[in-house]
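Written out below as structure tokens is the structure these notes cover.
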Amino acid sequence: MGEETLVAMPLAPHHHGHQHHHHARLDALPHHAAPAQPPQQQQAPPPEPIPADKEEERDRGGGGVDPPAPVPRPEAALAAEVGEDVYYARRMLQGAVLRPPPHLPQPEAPPGLARALSAPARPHGHAEEEEAEEEAGGKQRPVDRSASANSAVVDVASIGRFLRDRRDVLSSAITRRISSLKEPTAAPAAADTYGVQEIHLPNVKVTVRLKDAIAADAAEDDDGVALGGVGGDAYSFSGGHIKGRVSFFSRSGCRDCAAVRAFFRQSGLPYVEINLDVFPEREAELASRAGGAARVPQIFLNEKLLGGLVVLNSLRNSGEFERRVRELAGRRCPDSAPRVPVYGFDDEAGGKEDAMVGVVRVLRHRLPIQDRFVRVKLVKNCFSGADMVDAIVNHLECGRSKAVEIGKELARKHFIHHVFRENDFDDGSQNLYRFLEHDPAVPKYYNFRGSTNDGEPRPAAAVGHRMTKIMLAILEAYASDDRRHLDYSRIAASEEFRRYANLVQELQRADMTALPAEERLPFFLNLHNAMAIHAVIRVGQPGAVDRRPFFSDFQYIVGGHPYSLAAIRNGILRANRRQPYTLAKPFGSNDRRLEVAQRRANPLVHFALCDATRSSPIVRFYTTQGVEPELRHAAREFVLHGGVEIDLESRTVHLTRIIKWYSADFGQDRDILRWLLNYLDPTKAGLLTHLLNDGGPISISYMNYDWSLNV
């Protein structure tokens, strides 16, 4: 068939009954196609090229000179003579490309291909194509080549797609290679050992558990678990394989719960703790399982209720506890057992929206928020008081005085604030304000997640009370018994910490002035220690040289104002005293945060604030009712565990460097020593009293501070 391509097309339609016909000059069609000449046969010389003007005239049907050819017969006559089906079948056998009639849609070239420049364009009518073939000497018309083969036409889009495809293939190959290098070489052995196969795909890891491994686990369930005892009244389960689940319900600060937790830890028995202060939605479940009057702790072995601390001690003393664990915890835990705490939200969370949210949402869209140059400063994302009053008047159709009152209410609820925090709200084009979420310091507010909390703010006292319970639960679960070491990685991944992070968002617009005076001290003590844990997780431990990212840059937005660890310690708890080695006070004279600051500095707060280092006091959280005795206890504990050392021979008293940094809160040297007498143990107190009363000189030395993390 040569280089021509046969294209099956529908049979030509009948033209009978029409006024005109398409005429074409066709060679006489033989009954059979002539065989192709062998390739070695000498080819006829090509016809002489036709000038372009003559070729164009010929294509237009002009009177050009045609080469000698047989007299053509009309196409309609040939089709009528042999039949249309036979006629078109013969044309296809000859290799002719048949196009549909002109009154039907014509085929187009595929994307990315262009007609060779050497091949002239043909009319859409099939009769004109046949005429061109006849003028070419009856030879087969060469197939149109792609532009890349016969011309200089370049399809840039196709080349771009090709390059992008090759780039993606190369990137995938590199990713697969790097992934394969990261995989451990001992993976097949582990798969054989545990009956698990791993299938590695790019960015996907599929683990398939085999049926043999499942059957082996079932066999182990039937065999039970070997649990060995250590000592007379303690059991060691660390060598056993517990199939079931030991769980217990607890509350923060519960002594009986702490005793149960300590027993499980000492025995090596894995357990699940469900703290009702962290997961209040589980209280109804405990009431349904153990009765409405049940008190924590309540221990469950799988779905069976064991009881509280008294029952646990009784079973331990009789040896029955080990048998119970063999019987119940040795079998796979059923679905009816208390479930493990999972992702969720507090029942108190998600309260109703603030009454002013509707107005705020309208203002967020209508106010002209822009940057302005004021007082030789560039103030970003602000609007004027006059613009806000106009927007409120147009939206609510009220007077300007009413609009000003609404603006003051929005400022009181901390939706907006003055760019320099000089007033609540006033009308006028010179008074500039911004929305809370438009504050340029928002990236430093780690209790702010993209938008303002538009819910009705809960009282700060209620938020602080719940924050204390959650942080106590975190310490009980992820800190050592003496609270000197914390597992920050487990804290960061815990559900308790996630709920804490959600809770502190409610402090954004809390009314701190409504917090009672007696509750402000424990609130800010607890907030400081919780923020220190959060800062370690988010920005890392305080550096030995540059500690600004930890103490100053890490901030919460509380009641519409920013608070850092340094601001809480020096501005709030120390009654706005200068930070060591600085000249300026934390808060200016017109700072609204002074309204919640302490009236006088209490030296005991320095033994209650933890900055996540080994030399700082241990992390504690304080209650409203007993904050003063708790502070005195914290001071005694700190002094007892290396805070003060006395060398009688050299008449030297070694003190913590905290006292040197904040000496303004403690007084002169001998005043400091007399103050410490109240918190020393009897032995050290006697030695220090002797040094103070014998009239001799006393040297004070300050110990080095260990800035390493208390992990």
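Numbers here are sequence positions counted from 1.
In this structure, the ring pair (Phe, Tyr, Trp, His ring centres under 6.0 Å) partners of F248, at least two apart in sequence or on a different chain, are F264, Y271. Among residues two or more places apart in sequence or in another chain, the side chain to side chain contact (heavy atoms under 4.5 Å, CB included) test is passed with H418 by F420, E422, N423, Y433. Remark: S314 engages no residue in a side chain to side chain contact (heavy atoms under 4.5 Å, CB included) (not counting sequence neighbours). A search for ring pair (Phe, Tyr, Trp, His ring centres under 6.0 Å) contacts involving F448 returns nothing, not counting sequence neighbours. For Y446, the ring pair (Phe, Tyr, Trp, His ring centres under 6.0 Å) partners at least two apart in sequence or on another chain are F554. Considering only residues two or more places apart in sequence or on other chains, D481 meets the salt bridge (Lys or Arg N to Asp or Glu O under 4.0 Å) condition with R265. Remark: Y705 engages W661, W707 in a ring pair (Phe, Tyr, Trp, His ring centres under 6.0 Å) (not counting sequence neighbours).
Checking side-chain atoms of R483 against main-chain N and O of V619 turns up no donor-acceptor pair under 3.5 Å. Using modelled atom types, no side-chain atom of R498 and backbone atom of A492 make a donor-acceptor pair closer than 3.5 Å. A donor-acceptor contact shorter than 3.5 Å links the side chain of N447 to the backbone of V504. A donor-acceptor pair under 3.5 Å links the side-chain atoms of D681 to the main chain of K684, judged by distance alone. With R569 contributing its side chain and H528 its backbone, the two residues share no donor-acceptor pair below 3.5 Å.
Contact check for T613 versus Q541: no side-chain heavy atoms found under the 4.5 Å cut-off. Residues V653 and L688 have side chains in contact (heavy-atom distance under 4.5 Å, counting atoms from C-beta outward).
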Could you walk me through whether N529 and M471 pass the side chain to side chain contact (heavy atoms under 4.5 Å, CB included) check?
CA-CA 9 Å; N529 292 343; M471 295 310 298; over 6 Å; no

Criterion side chain to side chain contact (heavy atoms under 4.5 Å, CB included) on V596 and I572, from CA distance to verdict
CA-CA 7 Å; V596 296; I572 301 297; 3.9 Å; yes

For D611 and R547, run salt bridge (Lys or Arg N to Asp or Glu O under 4.0 Å): C-alpha distance rounded to whole Å, both residues' side-chain angles, the deciding distance at 0.1 Å, then the answer.
CA-CA 11 Å; D611 55 18; R547 292 181 283 273; over 6 Å; no

Take R657 and N704 through the test side chain to side chain contact (heavy atoms under 4.5 Å, CB included) and record every step on the way to the result.
CA-CA 7 Å; R657 194 166 289 270; N704 292 330; 3.7 Å; yes

Hey, mind stepping through E495 and R282 against salt bridge (Lys or Arg N to Asp or Glu O under 4.0 Å) and telling me if it holds?
CA-CA 14 Å; E495 175 66 13; R282 304 294 292 272; over 6 Å; no

Give the C-alpha distance, both sets of side-chain angles, the deciding distance and a yes or no for side-chain hydrogen bond (donor to acceptor under 3.5 Å, both in side chains) between R449 and N502.
CA-CA 9 Å; R449 296 184 179 180; N502 289 336; 3.3 Å; yes

Using the side-chain hydrogen bond (donor to acceptor under 3.5 Å, both in side chains) rule, take E437 and T452 through it: C-alpha gap first, then chi angles, then the decisive distance, then the call.
CA-CA 6 Å; E437 62 268 23; T452 308; 2.7 Å; yes

Going through the distances and angles, do D553 and R548 end up as a salt bridge (Lys or Arg N to Asp or Glu O under 4.0 Å)?
CA-CA 6 Å; D553 293 344; R548 179 179 296 274; 5.1 Å; no

With salt bridge (Lys or Arg N to Asp or Glu O under 4.0 Å) as the test, would you mind laying out the steps for D424 and R592 before giving the verdict?
CA-CA 10 Å; D424 289 336; R592 294 296 181 87; 3.1 Å; yes

Can you list the steps and then say if F300 with I274 is a side chain to side chain contact (heavy atoms under 4.5 Å, CB included)?
CA-CA 11 Å; F300 288 82; I274 306 171; over 6 Å; no

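For residues 614-648, the set of pairs meeting the ring-ring contact (aromatic ring centres under 6.0 Å, His included) definition, not counting sequence neighbours, comprises F607-F638. Among residues at least two apart or in separate chains, side-chain hydrogen bond (donor to acceptor under 3.5 Å, both in side chains) pairs with a member in residues 572-582 are N570-R574, R574-D665, R577-D665. Here ring-ring contact (aromatic ring centres under 6.0 Å, His included) pairs that include residues 490-518, with residues two or more places apart or in two chains, are F497-Y500, F497-H534. Screening residues 463-491 for ring-ring contact (aromatic ring centres under 6.0 Å, His included), with sequence neighbours left out, gives no hits.
Electrostatic pairing of E283 and R251 counts as a salt bridge here, judged by a charged N lying under 4.0 Å from a carboxylate O. Using a 4.0 Å cut-off between charged nitrogen and carboxylate oxygen, R261 and E476 count as a salt-bridge pair.
Once rounded to the nearest 0.5 Å, the distance linking CD1 of I658 with CE of M703 reads 9.5 Å. To the nearest 0.5 angstrom, D511 atom CG is 6.0 Å from R412 atom CZ. To the nearest 0.5 angstrom, F666 atom CZ is 12.0 Å from L673 atom CG. Atom CD of residue E273 and atom OG of residue S250 lie 3.5 Å apart, to the nearest 0.5 angstrom.
At most 12 heavy atoms of other shown residues, nucleotides or ligands fall within 6.0 angstrom of atom CD in Q668. The number of heavy atoms from other shown groups lying within 6.0 Å of CG (N590) does not exceed 12.
What you find for L648 and L687 is that their closest heavy atoms are CD2-CD2, 3.9 Å.
A cation-pi arrangement, defined by a distance under 6.0 Å to the six-membered ring centre and an angle within 45 degrees of its axis, is present between R509 and F415.
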Side chains of residues 691-701: which donor-acceptor pairs under 3.5 Å do they make with residues two or more places apart or in other chains?
{"unit_1": "N693", "atom_1": "ND2", "unit_2": "T689", "atom_2": "O", "d": "3.1"}
{"unit_1": "D694", "atom_1": "OD1", "unit_2": "R651", "atom_2": "NH2", "d": "2.8"}
{"unit_1": "D694", "atom_1": "OD1", "unit_2": "G696", "atom_2": "N", "d": "3.0"}
{"unit_1": "D694", "atom_1": "OD2", "unit_2": "R651", "atom_2": "NH1", "d": "2.6"}
{"unit_1": "D694", "atom_1": "OD2", "unit_2": "R651", "atom_2": "NH2", "d": "3.1"}

